[in-house]
Structures are given as C-alpha cells and as structure tokens.
Amino acid sequence: SVQAREEEDNPQKTMEVNGLTPVPDSYDYDLIVIGGGSGGLAAAKEAAKYEKKVMVLDFVTPTPQGSSWGLGGTCVNVGCIPKKLMHQAALLGQALQDSRKFGWQFTEEVKHNWMTMTESVQNYIGSLNWGYRVTLRDTKVTYENAYGEFVGPHTIKATNKKGIEKLYTAERFIIATGERPRYLGIPGDKEYCISSDDLFSLPYCPGKTLVVGASYVALECAGFLAGLGLDVTVMVRSILLRGFDQDMANRIGEYMNEHGVNFIREFVPIKVEQVEEGTPGILKVTAKSTAGDQMIEGEYNTVLLAIGRDPCTRKIGLDKVGVNINEKTGKIPVNDEEQTNVPYIYAVGDILQDKLELTPVAIQAGRLLVQRLYAGATAKCDYVNVPTTVFTPLEYGACGYSEEAAVKKFGEENIEVYHSHFWPLEWTVPSRDNNKCYAKIICNIQDNERVIGFHVLGPNAGEVTQGFAAAIKCGLTKEQLDSTVGIHPVCAEV
Amino acid sequence: MGWEEVQVRGYAEFVRTAQGYHGRPIFALFCGDKDAEGRSWCPDCVTAEPIVRKELHNLPDDSVFIYCLVGDRTYWKDPNNEFRKNLKLTGVPTLLKYGTPQKLVEEECFKAELVRMLFTED
C-alpha cells in the first residue's frame, strides 16, 4: 500500500515507488481538495458530513510585494469581504456629508484614516481564517498549509513553506485553486505596482492612485478609494465591465466620473518607473494610446493593476495526470457534473471554463458535487439566472440577460425592455442626483413576457436584486411583476 | 526557556499583567470566580479548566499563560462589564491568544484538539 512519507530530495524516486499501482482500498484519503477557498472549503465540509476522510491543502504564494494571507481563499481575504467593508467605509463617508442636511451638526472636517480601517478589516478577516480552521479541525478534516501538485495517478505532493514535501494519495480529488491577478508584462509592473492581493492589507495609505483596468475589480476599488477622499484615475484600454450590460456599465462610469474619479480612456501603460521611494513613493507611468501614437505620462503614489485574473492551473502537475486545460486561458473544462476529463478528478470555482466566477456559485457547485459523490444526490449546479452585484459607488445589481445578450439570443423584435429612472427618497433632502438611479427589465415577448433580464442601478442594489432573482427562477412574467404591489417608500418599488 | 503561568483577578489586573508581558506570546483563560471551596459558579469553566491545563505543556517557549478570574456571576451577566466591552468576550470560559483574533469560546474549550491547535499553530 502507498503511504504518506517525507521526501526531501528525490521526487523521482518517489514517483517510481508510486508507479507501483496503488491498491484502491488503501488510499490515504477518500478526498483531497486542493485549494481552501469558497469552493474547496464548502466541498470539504460537506464531505466530512458523510464521514469521508478528507484533506484540504491551501497555500498562498506571496505576491511580488510580499503579501500573503490565511485560510479561506480569495473572497474572504482579498476579495468580496474586504471589498465590501471598504466600500461601506466609503459609503459612510458620503453619509456623513449627507447627515448635515438631516440636521446633524459637527464643525470639524471629517477625515479618513486608512490604517484604522485596514486594521479593523484585517482583524475581522483573521477571525474568519481562524473560524475556518476551527471548523475543519472540529469536523476532522485534515488541513495543511502546503502547496499541492499532482505527481502521478491518485498522488499529490504537498510542499509547506519550509520546503518540506509530503506525498498523499486519495480516491478522488477536487481542484479548487482559484485565480490570481494578472500583470501587464511591462517594465516595472511587478517591482512597483500592486494588485487587489495587496490593496486590502496595504500598511500605508495608497495616496494618489492610478487604477489600470475596467473590470469590476478595477471600478469597485477605484470607487471606494475615491470615496475615502483619495485622488483616483482609472486607465481603460477599451470598454468598461466587459461581459456586463454595456448601457449599465456606461452609466456606472459616468456616475463615477461626475463624482471625482478621473478616467483615461483608450490608453495602456507601457512602463512604470520609480521616481521616489516611500510608503507610498512616487511612480511615473508612461502610457500609449490604443487609437494612435500618442504617449502620455503621469505621476502617482500607487499603481493598482486590475486587468484580469488567471487560473492557478499551470503549476499543479495537471499534465502528470492528464487533466486537460484550455492552454490559452488556463481554465479547466468540465462536464455538467464538474468532472474533468480524468474521471476521479473534479474541479469547482473560478478555474472552471465558461462558468461564473462567484463565491456562491463555487459553494453551491462544491456542495452539490459532494452530495452527488457521497450521498446519492442527483441535483446539479444551476448556473442559469445567477444574480450578481457590482459594488461601485452607485451599486449595480443584475440577474439574467444583458440587453445585448437578449437581443442576440432572441432577436430585437422579440424582446421588450421596460425601464425607469428613480430618485431614492433618502437622496432628496441632501440634494443628491435625481436622474442617476435606474432600473430596467428585459422581457421575452414570445414567452408570456417572461422576465429574462433584471438590472438595477442604485443604493443597496444587492439587497434589491436577491429577491427578484428568486422570482425570476420561478418564471416571473411582466404581468406578475405589475400585479405585485410595491413597498413604499423604497427603491425596489420601481 | 519554557512557558510560565500568572493568575489574575478582574479586568484591571488582567490588562496590567498582559501589558507587562508585551512582546511574548500571551494566552489567556477567562473563568468565573471560585468560591471558598475552589468551585466556580460557571459549570462550563469547571469542565474546561482541566482540559486546558492538560494541554499547557504544548505552549510555545517563552509564552505566558494568564489564568484570569473575571468576577462573580452578577458582574459577568452585566452586558457592560469591561471584559465584554473592551475585550469583546462573549462567554466564559474563553481561551484566547492575546492580540490575535484566535479564540475558543465555551464548549470549544472542551475539545483538546482545538486547544492544542490554538497553542501550537500559527
């Protein structure tokens, strides 16, 4: 039988030994999950419920700036959680401004302390990291803070931060290694730029910031940094929020621009140089137009790259076990049961090809997969009509088709779009914009005017969207929507 | 140099003591007061204490274990007591690694595995 053993300097020998066909009954584990993020932890905890012997491997390769974090994955450490908390910090800043119109009196100018916010956020994240470790230990899931990679059939090598290697075998594997921010590949990018992996634990205020990218990561970060009072510029290569409804995307950009975020459109950085060291220092960015030969330069304290994320699938030994990946994108194609081309190897989360990159999707997929494997369940993850929210200064919630996608799928003459601006009651007294908040639904005329797309731009968009997502899942039609009495006075009644 | 234990009573003494050991890893167990016979009013604390004590040999070198009696039951039940307000304690017993978000509360303290994890892992 094959056992876990320490292997310090001879992986080749180990592989030869492992080449002796392992006897099925004596795998070290029923299931090994590579990656302790949203998908991986959900799957591991679920498997433990069915009394399977489970191991989770989680390891964070430090960023070029040296940032690292604990168990829980992207969402908990450098994604959704800190993002929403910092977005909230920015909203509270706005609320303080509004409060004067509602009668609150304070004479001092209100300022923001980056370190106070960041310490509180990191403290909360720390309690989540600890909570996951307690849960795993309590449910008898073995957790190792080690980098997992396949070295042969049913066998992985786990390397901890001290370089010590151990081998483990399992009947089945779930790959849930997630993604990391992409770099530009230009001089100075890794030396001087930061990414979202660094931003939420940055031990100094970023100051005047250039955000490169037009993804939701870029816009959300630019949004809250500006909301905290920083000078923010966003450099966009072409369009905003690719893949999202473009009319909504442009409204978001317009709102941000009118509220203090500078945009440089149709430029890409070609080099980043350090003018002055410091925390933060001063960086000089040179950029070239995508529409001609024009070059521009700018100086910033911080350059934040948010140009995309790449799956962590290239260095985990997938070639050793024959798992196919999309060579261009690194994503793993799976069938509708999250199974790769190798029957005993599954995958969940952001690394999946053609699936939504969202925490709740990964959790749902992980749980249902494990229930199918060990509890005889048959339910598959439903990737259709998944609601999302972009937490830009003016929040955007959506479920279903964008207008462009609906037109493409059903034809312009077969869809009807109903839309409306609205002015949140809470914005009236402080005289905030009366023509920015906006909602639209897209209906399929041929199917009883079924609501196939829901879009709302306004405060608490996430809270508003969640309920409508359930309605859409039940087949909401325009008539049903019309006959639902509104709650007054709330934004959602529009 | 191994680990050492210090016993304190009440919030002020706890804070003073913890500050005095600044720079060394500090672990603290908070329990309800004991009567003249050495029995605590807090039944979970009675259960947890021997389990925690059994794992103390796992404490890292140079660390300090502060055994802190928080007060009588009335004091503890007051939602504004200093332990709740300043240290954010939600129950007794609480076993924590001072200055970090790592802690075990109530029945979690009964599990030797978790106590060991708190003492030995980062």
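Basis for what follows: all heavy atoms, side chains included, without hydrogens, waters or symmetry-related copies. Proteins get letters first, then strands, A, B, ... in listed order; numbering begins at 1 in each.
A:N129 places none of its side-chain heavy atoms less than 4.5 Å from the side chain of B:Q102.
Within a 6.0 Å radius of OH in A:Y124, other residues, nucleotides and ligands contribute 12 heavy atoms or fewer. Heavy atoms of other residues, nucleotides or ligands lying less than 6.0 angstrom from CD of B:Q7 number more than 12. Other residues, nucleotides and ligands contribute more than 12 heavy atoms inside 6.0 Å of the NZ atom of B:K97.
Considering B:K111, B:M117, B:E113 as possible partners of A:D138, the one that fulfils the side-chain contact (heavy atoms from CB on, under 4.5 Å) test is B:K111.
Closest non-hydrogen pair, A:S127 versus B:P101, comes out as N-CB, 3.4 Å.
With a 4.5 Å cut-off on non-hydrogen atoms, B:E108 touches chain A through its side chain but not through its backbone. No part of A:N145 comes within reach of chain B, as not one of its non-hydrogen atoms sits under 4.5 angstrom from that chain.
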